[in-house]
Amino acid sequence: QLQLVESGGGLVQPGGSLRLSCAASGFTLDYYSMAWFRQAPGKGSERVSCISSVDVSTDYADSVKGRFTISKDIAKNTVYLHMVSLKPEDTARYYCAARRGPTYCSSGYMFWEYDYWGQGTQVTVSS
């Protein structure tokens with residue numbers, strides 16, 4: 001069964017940090033570009049970060065650039081999103097997504113371009 005399971009969300013104060021994990025099962029991340037999306041209440045989904053299946057190049061939304069880092073551990077078949085200097089506007093439900101095949105992060109900005117999704121993990125930044 002192909003599955004993505006996110007974890008690591010929670011409540012954190014402004015300026016704090018979190019590391020989200022996305023564990024894949026039923027397939028190997030080698031052949032998939034991976035992305036983290038987020039959706040806040042009343043807003044559309046936003047791709048915050050991507051890591052390419054071709055060359056492990058990465059891409060970040062301007063709103064998180066310099067604060068978020070995406071990485072993947074092939075041995076653990078897991079993708080991470082390390083978030084620092086968190087702001088209240090980072091509050092959202094965060095989802096990881098997998099896109100099959102050799103793709104770059106210059107594409108894949110829309111959720112329908114991805115083949116598999118996790119159930120999401122809530123991040124709340126508040127004092």
Side-chain angles (χ1 to χ4, degrees):
Q1 182 180 358
L2 301 168
Q3 196 173 15
L4 294 170
V5 179
E6 301 96 333
S7 61
L11 173 64
V12 63
Q13 292 187 339
S17 61
L18 285 172
R19 189 182 76 161
L20 306 184
S21 300
C22 171
S25 59
F27 67 102
T28 57
L29 295 182
D30 269 358
Y31 308 110
Y32 290 76
S33 286
M34 299 298 296
W36 286 94
F37 284 76
R38 67 185 180 186
Q39 186 165 23
K43 295 187 177 180
S45 64
E46 172 190 25
R47 193 187 83 176
V48 296
S49 187
C50 169
I51 186 164
S52 168
S53 58
V54 178
D55 59 1
V56 207
S57 58
T58 58
D59 184 67
Y60 299 91
D62 287 344
S63 57
V64 307
K65 205 167 289 184
R67 300 187 298 119
F68 289 13
T69 304
I70 189 171
S71 62
K72 66 178 179 180
D73 185 330
I74 295 300
K76 294 183 178 180
N77 217 31
T78 298
V79 175
Y80 302 98
L81 185 68
H82 189 208
M83 308 183 293
V84 301
S85 302
L86 283 162
K87 305 175 181 180
E89 50 264 42
D90 294 318
T91 295
R93 192 162 185 87
Y94 285 71
Y95 300 86
C96 71
R99 188 182 182 201
R100 188 187 306 117
T103 58
Y104 292 92
C105 293
S106 54
S107 63
Y109 285 92
M110 308 308 292
F111 69 89
W112 58 77
E113 297 180 78
Y114 291 78
D115 300 288
Y116 306 112
W117 286 84
Q119 82 291 349
T121 186
Q122 179 67 33
V123 172
T124 302
V125 184
S126 175
S127 55

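Note that these values count all heavy atoms, side chains included, but never hydrogens, waters or copies made by symmetry.
- Residues Glu46 and Ser63 bring a donor and an acceptor atom of their side chains to less than 3.5 Å of each other.
- In the hydrophobic clustering of ILVMFWY residues, with side-chain heavy atoms under 4.5 Å counting as a link, Tyr114 and Leu29 come out apart.
- Here the CZ atom belonging to Arg93 is positioned 10.0 Å from the OG1 atom belonging to Thr124, to the nearest 0.5 angstrom.
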### Message
Before you tell me yes or no, could you show the steps for Ser33 and Thr103 under side chain to side chain donor-acceptor pair (under 3.5 Å), namely the whole-Å CA-CA distance, both residues' side-chain angles and the distance that decides it to 0.1 Å?
### Response
CA-CA 6 Å; Ser33 286; Thr103 58; 2.7 Å; yes
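- Between the side chains of Thr121 and Ser7, no donor-acceptor pair is found at a separation under 3.5 Å.
- If you run ring pair (Phe, Tyr, Trp, His ring centres under 6.0 Å) between Phe37 and each of Tyr94, Phe111, Trp117, only Trp117 comes through.
- Side-chain atoms of Arg99 and Ser107 include a donor-acceptor pair closer than 3.5 Å.
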N/O donor to acceptor pairs below 3.5 angstrom from side-chain atoms of residues 79-86, sequence neighbours left out:
none

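- Between Arg67 and Tyr60, the side chains place no donor N or O within less than 3.5 Å of an acceptor N or O (distance only, hydrogens not considered).
- Remark: side-chain polar atoms of Asn77 are paired, donor with acceptor, to backbone N or O of Ala24 under 3.5 angstrom.
- The disulfide (SG to SG under 2.5 Å) pairs that include a residue from residues 66-122 are Cys22-Cys96, Cys50-Cys105, where partners are two or more places apart or lie in different chains.
- Under 4.0 Å is where a charged nitrogen must lie from a carboxylate oxygen, and between Lys87 and Asp90 no such pair does.
- Residues Lys72 and Tyr32 approach most closely at NZ-O, 4.0 Å, considering heavy atoms.
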### Task
May I have the step-by-step check of side chain to side chain contact (heavy atoms under 4.5 Å, CB included) for Leu4 and Phe27, ending in yes or no?
CA-CA 10 Å; Leu4 294 170; Phe27 67 102; 3.6 Å; yes
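- Between the OG atom of Ser71 and the CD1 atom of Ile51 there is a distance of 6.5 Å, given to the nearest 0.5 Å.
- Side-chain N or O atoms of Arg38 include none that pairs as donor or acceptor with a backbone N or O of Val123 at under 3.5 Å.
- The side-chain contact (heavy atoms from CB on, under 4.5 Å) check on Gln3 picks up Val5, Ser25, with sequence neighbours excluded.
- One finds the CZ atom of Phe68 at 14.0 Å from the OG1 atom of Thr58 (value rounded to the nearest 0.5 Å).
- In plain terms, the two heavy atoms of Gln122 and Ala92 that are nearest each other are NE2-O, 3.4 Å.
- Checking Asp55 against Ser57 by side-chain atom types alone, a donor-acceptor pair falls below 3.5 Å.
- In this structure, CG on Asp30 lies 4.0 Å from CD1 on Ile74, to the nearest 0.5 angstrom.
- The hydrophobic clustering, which links ILVMFWY residues whose side-chain heavy atoms are closer than 4.5 Å, places Val48 and Met34 together.
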